[in-house]
Amino acid sequence: MTNAVEMQNVTVRFPGVLANDQVNLTLKQGEIHALLGENGAGKSTLMNVLAGLYKQSSGTLKVHGQPVSFNSPKDAIAQGIGMIHQHFMLVPTQTVTENILLGLDDPGFALNLPRYDQKVLDLQAQFGLHVDPAAKIWQLSVGEQQRVEILKVLYRGADILIMDEPTAVLAPQEIDELMNTMRSMVALGKSIIFISHKLHEVTAVADKVTVLRKGVVTAEGISAKGLTPAKLAQLMVGREVVFSVKKKAQEPGDVVLSVNDIHAENNKGVPALRGLSLDVRSGEILGIAGVTGNGQSELAEVITGLRSCTGRVIINDEEIANRPPIRAIESGVGHIPEDRSKVGTAPNLSITRNTIMKSYRHEPIGNGWTINFVKARQEARQLKDKYAILAPSVKTPARNLSGGNLQKVILAREISTRPKLLVAMQPTRGLDVGAIEAVQTLLLEQREAGAAILLISEELEELLSLSDRIAVISHGKIMGVMPVEEADVNKIGLMMVGSETVNN
Amino acid sequence: MDPIIILHAGLATGTVLLFATIGELITERAGILNLGLEGMMLIGAMAGFSTSLATNNPWLGLVVAMLAGGALSMAHGLVTIHFQADQVVSGLSLTFLGTGIAMVFGEGLTGQNPPTIPVIDIPGLASIPWVGPVFFENHSVLVYVGYLLIPAAWYFIHKTRPGMHLRAIGEKPEAADTMGVNVYRLRYFYVFVGGCLAGLAGATISLAVSPGWYSVQTTSGQGWIAIGLVIFAQWDPLRAAVGSYLFGALRRGILDLQGPPTLFGLTNPLYVNSNWGFFLQMTPYILTILALVLGARAAAKKRIGAPAALGVPYIRGERGL
């Protein structure tokens, strides 16, 4: 077997950052090679070098044994290397076929799309990746969009595929489909580099594993057979990782949040919540399980005052529904929103400004008129140390932080206000194991401190390990609530599709 | 108040707006907002006029006008694409720069009479009743060029490979870049195309539609109207044509309203007191604002509208870190 790709001593330097330090990676013909590492470990950077998007500062690249030098993605494509990016590189207003043809010399001048639609259909049949070639990208689901990305590189005849965290955006069934596609592509002679930080996926699908930590290789091309998630996590993080955080037994206190028969519409004007009711008590985590899009986002927004509704939302005996968000904040609601980079933080503002977004209204940081930035920076530095936020300084803009560190900024801000109720929406989505552990530990600390926590998550394992009770949401209603001791994956799964009701 | 005369003249005046609007539309499709349209049009009007005066060749005047508009647009390209500066500020500065240059070099051109672009009939088509006299008779060659430009621009944007790349770099430049499309080079090119068409629009005034050089009054704000029309047209050449000709007819109709002493058997207030005419002349600008508001609302409802990356400089690798 020949080597499809050899990267030798590749070093990538950005101003002030050493992103990859003397990295070696060898991809054999016909194998699935997992590239593993925490966020910010340099996985994407390394792969962008291989895809011709960045240029290495030093080191050599060989493709099929021949030394190559890439100046643009076009050069990499010419060598049969195609990258499926984590953030889809698709033009939303163009059709599937147009996106696939982007950058090619054929068609010549006139597009003649129907002819190429047929070629795309032929390719789809070959690999079992089906999506309507005449559909516009914005009309497609996330899983379908990913198929377009894969078709894009296959259409170019790529035999080396780089997949940058392809599972991060997919639902569980879609992940299974993707893994089947990967196996069939390898069976047809393709070689795949698969970036991930989900350990069970790596052990499920990969042949070989290379692990990066802070730009340095900690395991080079080891066989994936017999590797345990614990061993991989240790290679990634550099220390033992606690997989299930320990929850102390404690009795819940009084009801903090009481939601009664609320109805609300989503952004498209369609009913999203239909008569939903629930209670959360002090010192308890209520987990909300459900398939995305069943009203979870709207529920979080109604409670935090961001969406209007009918019905009653009572926090500590105060009516919050349809009041401005400031009322929710002042009655002690902390909010960890779903979209951490657009809603949770202001990307262009510094860590300092992002951390004082709630505390600036009160002494010592603000007096209602001016902001004391000396105090603000002191506070931000303390929070940065306490929550182990990795950044050059508190002046760093939020947009330069990795997902885990960004989430820590949000948690630092919300927790430092000592919330009575914490609404956490997908708090660990897209984070690596180290960051997940940190976020989960912080949530449990708040539980012990007596906060009521509404945890909305798609990760059933996370819900089962953190929650005291689990409520299942489907079509904007709670299908049933159960103590976590009585919950199991099958029962929850059935309720998620709306077929069984269990009363608490 | 003969409708045929108003429509006929409206097409001629509208041709100026058509060139400018389609040029700006193409530039914006590439993701670059160029508010310097008025300046580029003035430069084009002046350069075309003086070239025709010096060489007695109005065709050469058109070529020089386009190159002059294109050259000025490259200043905007350099500032916004290479240096990634704010496109609004750069575009506004370009208007001042273009206006200034045109006024300096246009000094002394007023009152001159260089050869202009010939006026012709289209044989055959001109004899169709109603349609012929409005569309195909007694028009400058440039008006007919305008007719051809509309479908050509539409076909190019929607049905060709370069047009597909044009749409991609304005909607999602990083997607185009990763597929090997040179975003920077193409953006320069389409800024240049927009500049050339703006120069052509200027020369269409000074060498065809209302020949002469009247300093800043030559364009009299039509560049700004064209910017409004791009939004009204929702970045589509066919709608741009409708808007351009409509505004052209409106401009002409306003002039005609002030002519006769009586209108529909009543005394014409505009004839008696010419001051009323000033208010009437405001209507195209008021309508521009209305078109902007309505256009924006319509675009928000549908999934069409401004290219997603309009006004956003493209910096490769910004996301990677």
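These numbers come from a predicted model, not from an experiment. Order of the sequence lines sets the chain letters (A, B, ...), proteins ahead of strands, with each chain counted from 1.
Rounding to the nearest 0.5 Å gives a distance of 12.0 Å between NZ of A:Lys74 and OG1 of B:Thr178.
The heavy-atom pair separating B:Gly180 from A:Pro73 by the smallest distance is N-CB, 4.4 Å. Taking each heavy atom of A:Val91 and B:Ala175 in turn, the nearest pair found is CG2-CB, 4.1 Å. Between B:Ala176 and A:Leu102, the shortest heavy-atom contact is CA-CD2, 3.8 Å. Taking every heavy atom of both residues into account, B:Met164 and A:Gln94 meet most closely at O-NE2, 3.1 Å.
For A:Lys152, the part lying under 4.5 angstrom from a heavy atom of chain B is the side chain only. Looking at A:Asp75, neither its backbone nor its side chain comes within 4.5 Å of chain B, counting heavy atoms on both sides.
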| request: Decide side chain to side chain contact (heavy atoms under 4.5 Å, CB included) for B:Arg161 and A:Asp105; before the verdict, give the C-alpha distance in whole Å, the side-chain angles of both, and the deciding distance to 0.1 Å. | output: CA-CA 8 Å; B:Arg161 183 175 61 100; A:Asp105 294 333; 3.9 Å; yes
| Does the pair A:Glu98 and B:Arg167 meet the rule for a side chain to side chain contact (heavy atoms under 4.5 Å, CB included), with working shown? | CA-CA 10 Å; A:Glu98 280 183 309; B:Arg167 280 179 285 135; 2.6 Å; yes
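For B:Phe96, the CZ atom counts as loosely surrounded, since its 6.0 Å shell holds 12 or fewer non-hydrogen atoms of other residues, nucleotides or ligands. At most 12 heavy atoms of other shown residues, nucleotides or ligands fall within 6.0 angstrom of atom CZ in B:Phe189. The number of heavy-atom neighbours closer than 6.0 Å to NZ of A:Lys55, taken from other residues, nucleotides and ligands shown, is above 12.
Interface summary for chain B: among A:Ala76, A:Ser72, A:Ala110, the most heavy-atom pairs under 4.5 angstrom belong to A:Ala110. The choice from A:Leu101, A:Asn99, A:Ile77, A:Leu90 that makes the most heavy-atom pairs within less than 4.5 Å of chain B is A:Leu90.
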